[in-house]
Amino acid sequence: ACAAGMANSALVAIRDLNLFGAQGGAQSVICVPPDMSRQCNRVLEAILPRGSKSKEFDSSVWSIITYPAFAVENDDLLSQTKELLKTNLEGYYGYKRFLLDGYKTPLEDKHRLHYNAGELRNFEGIECEWPIYFIYEWIDELFSKNTESANRIKQKIEKLVVPDQDGCPMVPEFYFVPSNKVEEEKSSNGSQVRLCGGKIPFIWAQSLFIVAGLLQNELISTSDIDPLNRRLSSIKKPASIVQIVVLSANEDCQSFADEHNIPCSPVHDSGIITITPRVVVQMWKMLGLKSRVDTDLNNSNPQRVSSLRTSIVYQYKDQFFLSLPEYSLLSSFYNNLDNEIFIQKTISRLSYLSSQWCFPGRPMLTILLTPERCAEKSTARFLDTLKSGSFQGVQVKLCQSQVAL
């Protein structure tokens, strides 16, 4: 979960970044395929509130549900994950990394990399507790403007820091149960005094401690350490309006559109070139290919193009390109010959684009009117419904290609 969340936030942060700033051109802009971040988000929401397949709870998730990643967009899932972490992993000295974690405990066998499932029970109740996760929680409360909770967590942390020779508070790496107190701790969880261990200060925790202190004393603001406003990712955003461009394959199809008062442009006279999803795949493969460098800067090699990539208006010099959805190609699969299936897939695509689009501009759905489509009465009924501007809760705008651009 932590890896998927960090990858998601990194992809969003780096998207459209110009490596040379104002002095850079189009060739120095980082292009991130729009479906990559959405795929990471789907994986993340499928895993949470678990930490991973092997760990039911994992405190490392704090770094993605709050500062710095703010990767979780589902507010209910966010609250559920926080509550489960606090209930199952929180202790007096910090959070356990995960249940049955034997790292740095007195019973750890330093010569082994793995334990059998039954052996992990030996670490139950004596897992080390890490103050760093208290600091993540402290920062989270400061971002949420919960002053009372932030002060309460700050008091917890102040009891755990160790002063150096100059009296400055140093955050230790972890707290462990002494070897002579293991049995007492197992019999009564939380009854024994733990000792600080590891690095003092633990630089990772110390840096977060300093950031939290600056926030607490209002010496910096949340926007100073979150300039991309990732903290707002869990706020529900309004659904996007999906623009629908209808193109006619020939004069008969154009007459069909005119007869039903449907905004439509001839596919060859609209000034826009329509391309297939296969061409979109090749276009993305060409990004980052430079003959003057030995390294291929492109890491995009999709076998199938996603809905989001076919909903982008592409431009090369003065020429615009619109991609047809894969399901609309009659030759790609025999199911596409069924007009009812085509309509149902279009409805599903409209709903998906409206809810998942989180990029500048509006998503574009291109519909090509072919003689086979025009011969079906359901096509006219469907397009007439789209002209109303709303379809099954999705806001749509049916317009000609030049108007949409």
Side-chain angles (χ1 to χ4, degrees), residues 2 5-6 8-10 12-14 17 58-73 75 78-87 89-97 128-176 190 193-236:
C2 189
M6 283 295 180
N8 181 27
S9 296
V12 173
I14 203 172
L17 173 68
D58 192 336
S59 290
S60 64
V61 171
W62 272 112
S63 63
I64 62 171
I65 62 178
T66 181
Y67 176 82
F70 298 102
V72 182
E73 299 179 3
D75 194 50
L78 184 64
S79 301
Q80 181 187 6
T81 303
K82 290 179 183 179
E83 187 61 32
L84 289 174
L85 288 176
K86 294 176 184 179
T87 302
L89 299 178
E90 184 178 4
Y92 179 83
Y93 298 90
Y95 281 80
K96 302 177 178 68
R97 295 196 308 169
C128 293
E129 296 180 358
W130 301 68
I132 184 174
Y133 300 114
F134 272 164
I135 304 176
Y136 274 119
E137 187 181 4
W138 182 17
I139 294 177
D140 180 52
E141 298 296 349
L142 291 172
F143 267 92
S144 301
K145 307 297 183 183
N146 297 329
T147 306
E148 184 177 346
S149 298
N151 289 333
R152 176 177 52 80
I153 299 171
K154 177 186 176 183
Q155 292 173 3
K156 286 184 180 181
I157 298 172
E158 288 175 342
K159 297 177 182 178
L160 305 176
V161 296
V162 178
D164 65 359
Q165 58 184 3
D166 298 322
C168 296
M170 299 287 110
V171 182
E173 187 173 0
F174 57 84
Y175 278 84
F176 67 96
V193 176
R194 295 181 178 232
L195 304 178
C196 57
K199 298 178 181 179
I200 305 176
F202 184 38
I203 300 301
W204 183 5
Q206 189 70 28
S207 61
L208 289 173
F209 179 74
I210 293 172
V211 169
L214 293 173
L215 283 174
Q216 179 85 27
N217 295 301
E218 298 182 352
L219 296 175
I220 60 174
S221 65
T222 54
S223 59
D224 291 328
I225 59 175
D226 181 32
L228 297 178
N229 294 322
R230 289 293 302 162
R231 61 191 181 279
L232 306 179
S233 59
S234 62
I235 298 178
K236 189 174 180 61

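- Taking every heavy atom of both residues into account, Asp58 and Leu85 meet most closely at O-CD2, 3.5 Å.
- The nearest pair of heavy atoms linking Gln206 to Pro201 is OE1-CB, 3.5 Å.
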Let me have the donor-acceptor pairs involving side chains of residues 162-173, under 3.5 Å, with sequence neighbours excluded, atom names and distances please.
| residue | atom | partner | partner atom | Å |
| --- | --- | --- | --- | --- |
| Asp164 | OD1 | Asp166 | N | 3.0 |
| Asp164 | OD1 | Gly167 | N | 2.9 |
| Asp164 | OD1 | Cys168 | N | 2.7 |
| Glu173 | OE1 | Lys199 | N | 2.9 |

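- Interatomic distance, Ser223 OG to Leu228 CG, rounded to the nearest 0.5 Å: 11.5 Å.
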What pairs of donor and acceptor atoms, side-chain ones from residues 130-137 against any protein atom, are under 3.5 angstrom apart with sequence neighbours left out?
| residue | atom | partner | partner atom | Å |
| --- | --- | --- | --- | --- |
| Tyr136 | OH | Trp204 | NE1 | 3.2 |
| Glu137 | OE1 | Tyr95 | OH | 2.9 |

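- Rounded to the nearest 0.5 angstrom, Ile64 CD1 and Leu78 CG are separated by 10.0 Å.
- A donor-acceptor contact shorter than 3.5 Å links the side chain of Ser63 to the backbone of Ser60.
- Taken to the nearest 0.5 Å, the OG atom of Ser221 stands 12.0 Å off from the CG atom of Leu142.
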Show the atom names and distances, to 0.1 Å, of all donor-acceptor pairs under 3.5 Å that link a side chain in residues 145-152 to residues at least two apart or in another chain.
| residue | atom | partner | partner atom | Å |
| --- | --- | --- | --- | --- |
| Asn146 | ND2 | Glu141 | OE1 | 2.8 |
| Asn151 | OD1 | Gln216 | NE2 | 2.6 |
| Asn151 | ND2 | Thr147 | O | 3.2 |

Test side chain to side chain contact (heavy atoms under 4.5 Å, CB included) applied to Thr81 and Val61, step by step = CA-CA 9 Å; Thr81 303; Val61 171; 3.8 Å; yes

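- Between Arg231 atom CZ and Asn229 atom CG the span is 4.5 Å, to the nearest 0.5 Å.
- Without hydrogens or angle criteria, Asp226 side chain to Thr222 main chain gives no donor-acceptor distance under 3.5 Å.
- For CD of Glu218, the number of neighbouring non-hydrogen atoms (other residues, nucleotides, ligands) closer than 6.0 Å is 12 at most.
- Taking each heavy atom of Lys86 and Glu90 in turn, the nearest pair found is O-CB, 3.2 Å.
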request  = Could you walk me through whether Lys159 and Tyr92 pass side chain to side chain contact (heavy atoms under 4.5 Å, CB included), step by step?
outcome  = CA-CA 10 Å; Lys159 297 177 182 178; Tyr92 179 83; 3.7 Å; yes

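- With a 4.5 Å cut-off on side-chain heavy atoms, Asp75 and Lys236 do not count as touching.
- Scanning both residues, Ile139 and Leu208, for their nearest heavy atoms gives CD1-O, 3.8 Å.
- Note that CD1 of Ile153 and CG of Asp140 are 8.0 Å apart. Values are rounded to the nearest 0.5 Å.
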key: Evaluation steps, side chain to side chain contact (heavy atoms under 4.5 Å, CB included), between Phe174 and Tyr93   = CA-CA 8 Å; Phe174 57 84; Tyr93 298 90; over 6 Å; no

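- Summarising the geometry of Leu89 relative to Ser59, their closest heavy-atom pair is CD1-OG, 3.3 Å, with the distance given to 0.1 Å.
- Here Arg230 contributes atom CZ and Phe70 contributes atom CZ; the two are 9.0 Å apart, rounded to the nearest 0.5 Å.
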